[in-house]
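Below: one structure, written as structure tokens.
Order of the sequence lines fixes the chain letters, A, B, ..., with proteins taken first and strands second; residue numbering starts at 1 for each chain.
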Amino acid sequence: MLGLPGHPVSLRKIAPPRAWGYTTTLPQELAGLMLAEEQARLEAEMGKKAAKKKLRARMSELSVQVAKNLAEAVSLGALPGVAQAQAEGGYLNFYLDTAVASRDIISAVLERGSDFGRGKPQNERVMVEFSQPNTHKDFHVGHLRNVVLGNALANLFEFGGFEVLRANYYGDHGIHVAKALWGRLNPEVLARAEEMLGGPPPQGVYARVERVLTAENDNPKFGEIRATVEKETGRILQQLDDPASEVYELWRQTRQRDLETFRAIYDELGVRFDLEFYESEVEKRASGIVDELLEAGVAAVEAEGEYAGTVVVDFAAHGTPELGKMVLRRSDGTTLYQAKELALAKAKFEDYEVDRSLYVVGSEQSLYFKQVFEILRLWGYTAAEKCRHVSYELVQLPGGKMSSREGTVVPYTAFVAEAKEQALSLAHERGISAVPEEVAGKVAFGAIKYAFLRVDTSKTIIFDWKQALSFDGNAGPYIQYAFARGNKLLAGFTPDVPHLLKSQYTPEPAEVELCRIIADFTDCVSQAMQTLAPNIVANYMYDLTRAFTEFYQSCPVLKAEDGVRFFRQSLVAGFSTVLTAGAGLLGMELPDEM
RNA sequence: GCGCCCGUAGCUCAAUGGAUAGAGCAGCGGACUUCGGAUCCGCAGGUUGGGGGUUCGAAUCCCUCCGGGCGCGCCA
């Protein structure tokens with residue numbers, strides 16, 4: 001539009017605190033081009049650094065001048081909605097007519113309602129696998145990050161127009177189960193071993209047995225017990241596959257009990273799954289999968305060396321030596337975990353015809369998933385290209401890693417109970433004695449979910465009770481509180497878009513700012529989806545809420561005269577709509593009052 | 001040893017390569033007899049771990065060093 005052949009002009013939104021509009025850095029880019037020749041000459045003369053220094057002032061002067069010239073050359077008529085073009089420093093800014101832009105965006109929100117920001121149907125099916133808890137082990141706050149994250153991602157893809165299948169994959173089989181069952185079957189022996197070890201045992205049978213198996217202790221008697229445990233857990237593991245055994249029945253019952261516990265947690269968190277896979281089921285197909293991979297030439301029997309007799313995928317033979325080797329079947333004929341993973345992946349592709357597959361799993365599995373996806377690719381699944389490991393860092397304690405063996409995990413139930421109590425006591429402090437349990441729950445879960453989601457997934461969360469239970473400032477309840485306040489301003493209000501579009505009201509700066517942020521919602525959600533980063537939405541929610549409270553502070557709504565009140569109520573309604581949509585994406589509930 | 005990730009204010013975190021690096025907490029000082037004080041406003045706090053490079057422009061990209069986390073198993 002500015003007649004500059006061959007040079008792309010990109011417009012960006014003006015950096016937030018400044019104004020509502022678009023900007024281009026074209027003047028600076030042009031200044032750089034215009035002085036390039038001279039710079040080359042100077043560089044030869046005095047060296048690069050000195051040349052740059054010398055040209056710096058002229059460069060910025062020139063870009064200012066170019067910006068001015070361009071601003072004068074722009075014909076505003078050609079740019080609908082733009083009120084003025086202005087040179088500022090080396091930037092060329094296009095400012096929107098904020099009154100018009102504000103009315104337009106509020107109207108758009110009120111018209112589309114809860115569909116505002118929603119993507120067009122993509123005609124593509126994406127499976128999001130998350131949570132994957134192990135039965136016979138405790139559910140702790142580390143697992144919570146996964147659930148909350150996976151759920152938010154699934155919501156984002158749904159909102160983005162994809163058909164989403166939420167999948168869970170329960171670890172209900174394997175050595176950890178055998179260990180837990182041994183502890184249940186041999187409580188006296190376990191207690192005796194713990195006596196020798198001293199110290200308080202950790203919570204949960206699995207953790208207690210695990211401690212006995214790994215603790216340092218020189219007592220020969222203790223060594224005997226340990227040897228017994230090792231032998232018997234091996235036996236239990238085999239019996240798990242024999243429905244006639246007594247162990248099998250115990251497994252069935254304890255497994256069922258744990259699955260119910262998990263489901264109660266998901267229910268409480270407002271998370272549902274479309275599909276539930278079980279390791280004990282998938283396992284049955286694992287061996288056949290290994291045969292298929294052998295036949296396909298992806299895997300091979302190892303002839304010699306430390307892996308002699310196993311079935312491995314040697315990535316060096318397939319052009320990706322950096323992935324090393326992956327063993328699929330032991331030399332004794334039993335399969336490894338990854339064989340189950342591949343069997344499950346095959347089912348996902350074939351039975352559910354997924355186009356994309358997301359695996360929400362901790363970052364420590366990063367190499368593992370590279371290997372798995374590469375095997376799928378070698379196997380011929382084109383959808384393997386669209387498999388993603390959604391990696392997130394662990395939740396740690398100030399003293400280091402959470403360890404069930406050392407009894408340092410923060411159990412889910414204790415944490416949630418504490419959060420609810422905190423919500424109630426804060427309400428009491430504020431003089432509201434009759435807080436409905438329901439509201440306290442929403443506030444507590446809002447705080448928890450927001451706390452986990454606002455942080456970039458690549459950052460380790462150091463769990464701190466005080467901080468996790470902070471309900472002030474940049475926290476979930478701040479957002480909920482604003483919503484509750486906004487609600488009060490909407491009693492008896494009915495949106496009327498045609499009327500709004502005719503409004504002659506000139507909004508105050510706080511109102512314009514709120515509108516500007518509302519207008520950003522669409523970009524926010526698509527960026528969050530594309531980068532698999534729900535924290536973008538969480539941070540957006542905070543910005544949006546902050547703009548609202550500033551508006552609330554400076555612009556009376558109910559007390560304003562009719563025309564102004566109508567505009568402001570429309571704005572509040574738009575805010576509430578977007579806030580509700582964003583909260584829905586994060587899996588956060590917004591109480592009508594609190 | 002090799003690979004991946006992280007390092008931003010005292011603490012916890014933001015910032016599609018773009019303008020004066022922003023919030024919350026903690027600290028200090030304030031707020032209209034007006035729609036809800038889980039709120040708002042102000043002050044103070046920064047060599048973006050160090051160094052080099054690329055670029056008109058770097059917290060962001062590249063190299064290197066330092067510090068921290070994780071992974072590299074016939075575990076799951």
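When rounded to the nearest whole Å, the span between CZ of A:R454 and P of B:A14 equals 7 Å. Distance, A:L323 CG to B:G73 P: 13 Å, rounded to whole Å. Nucleotide B:G73 holds its P atom 11 Å from the CD atom of A:Q338, rounded to whole Å.
RNA chain B is contacted by both A:E593 and A:I462; A:I462 maps to the nucleotide lying nearer its 5′ end (nearest heavy atom per residue). Both A:H173 and A:I14 sit near RNA chain B, but only A:I14 has its closest nucleotide nearer the 5' end.
A:Y392 and A:F130 have their aromatic ring centers separated by at least 6.0 angstrom. Taking the six-membered ring for Trp, A:F415 and A:F463 have ring centres closer than 6.0 Å.
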| task | Applying side-chain contact (heavy atoms from CB on, under 4.5 Å), run through A:F369 and A:E341 and close with a yes or a no. | result | CA-CA 10 Å; A:F369 276 108; A:E341 187 81 67; 4.2 Å; yes
| field | Evaluation steps, side-chain contact (heavy atoms from CB on, under 4.5 Å), between A:D241 and A:H173 | value | CA-CA 10 Å; A:D241 295 325; A:H173 198 273; 3.1 Å; yes
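Using a 4.0 Å cut-off, no side-chain N or O of A:K325 falls inside it from OP1 or OP2 of B:C72. In terms of phosphate contacts, A:R330 brings a side-chain nitrogen or oxygen within less than 4.0 Å of OP1 or OP2 of B:A76. The side chain of A:S366 contributes no N or O atom lying less than 4.0 Å from OP1 or OP2 of B:G71. The side chain of A:R485 contributes an N or O atom lying less than 4.0 Å from OP1 or OP2 of B:G37. Within the structure, a side-chain polar atom (N or O) of A:K48 is placed less than 4.0 Å from OP1 or OP2 of B:U54. Considering only side-chain N and O atoms, A:K466 lies nowhere under 4.0 angstrom from the phosphate OP1 or OP2 of B:U12. Under 4.0 angstrom from either OP1 or OP2 of B:C40 there lies at least one side-chain N or O belonging to A:Y478.
Side-chain proximity of A:L336 to the nucleotides B:C35, B:A23, B:A76 is greatest for B:A76. Nearest to the side-chain atoms of A:V455 among the listed nucleotides B:U39, B:A23, B:C13 stands B:C13. When each of B:C5, B:U39, B:C4 is scored by its nearest atom to the side-chain atoms of A:E393, the top-ranked nucleotide is B:C5. Residue A:E364 has its side chain nearest to B:G71 when only B:C4, B:G71, B:G36 are considered. Distances were taken from every side-chain heavy atom of A:N134 (C-beta onward) to each of B:C56, B:G37, B:A76; the shortest belongs to B:A76. Here the nucleotide nearest the side chain of A:L367, chosen from B:U34, B:C72, B:A14, is B:C72. Closest contact between the side chain of A:Y91 and the listed nucleotides B:C32, B:A23, B:G18 involves B:G18. When distances are taken from the side chain of A:Y542 to each of B:C56, B:C6, B:G24, the shortest belongs to B:G24. When the nucleotides B:C74, B:G24, B:C6 are ranked by their closest atom to the side chain of A:S458, B:C6 comes out on top. Listed nucleotides B:C56, B:A76, B:A14 differ in distance to A:Q365; the shortest reach to its side chain belongs to B:A76.
Taking atom C1' on both nucleotides, B:A14 is separated from B:A59 by 12 Å, rounded to a whole Å. A gap of 39 Å separates the P atoms of B:C72 and B:A58, to the nearest Å.
If you check distances only, the side chain of A:S470 never reaches the base of B:C25 with a donor-acceptor pair under 3.5 Å. Judged by distance alone with a 3.5 Å cut-off, a donor-acceptor contact links the side chain of A:N93 to the base of B:A19.
For the pair A:R485 and A:Y552, the cation sits on the ring face: its NZ or CZ lies under 6.0 Å from the ring centre, inside 45° of the axis.
Heavy-atom contacts from other residues, nucleotides or ligands closer than 6.0 Å to CD of A:E593 number 12 or fewer.
Closest non-hydrogen pair, A:N539 versus A:R454, comes out as ND2-O, 3.8 Å.
Residues A:E513 and A:E550 form no side-chain contact, since every pair of their non-hydrogen atoms from C-beta on lies 4.5 Å or further apart.
Under 3.5 Å, the side chains of A:E421 and A:S425 contain no donor-acceptor pair of N or O atoms.
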| task | Treat a base pair as Watson-Crick or G-U wobble with both distances under 3.5 Å, then lay out RNA chain B in dot-bracket form, 5' to 3', with | for cross-strand pairs. | result | (((((((..((((....[...)))).(((((.......))))).....(((((..]....))))))))))))....
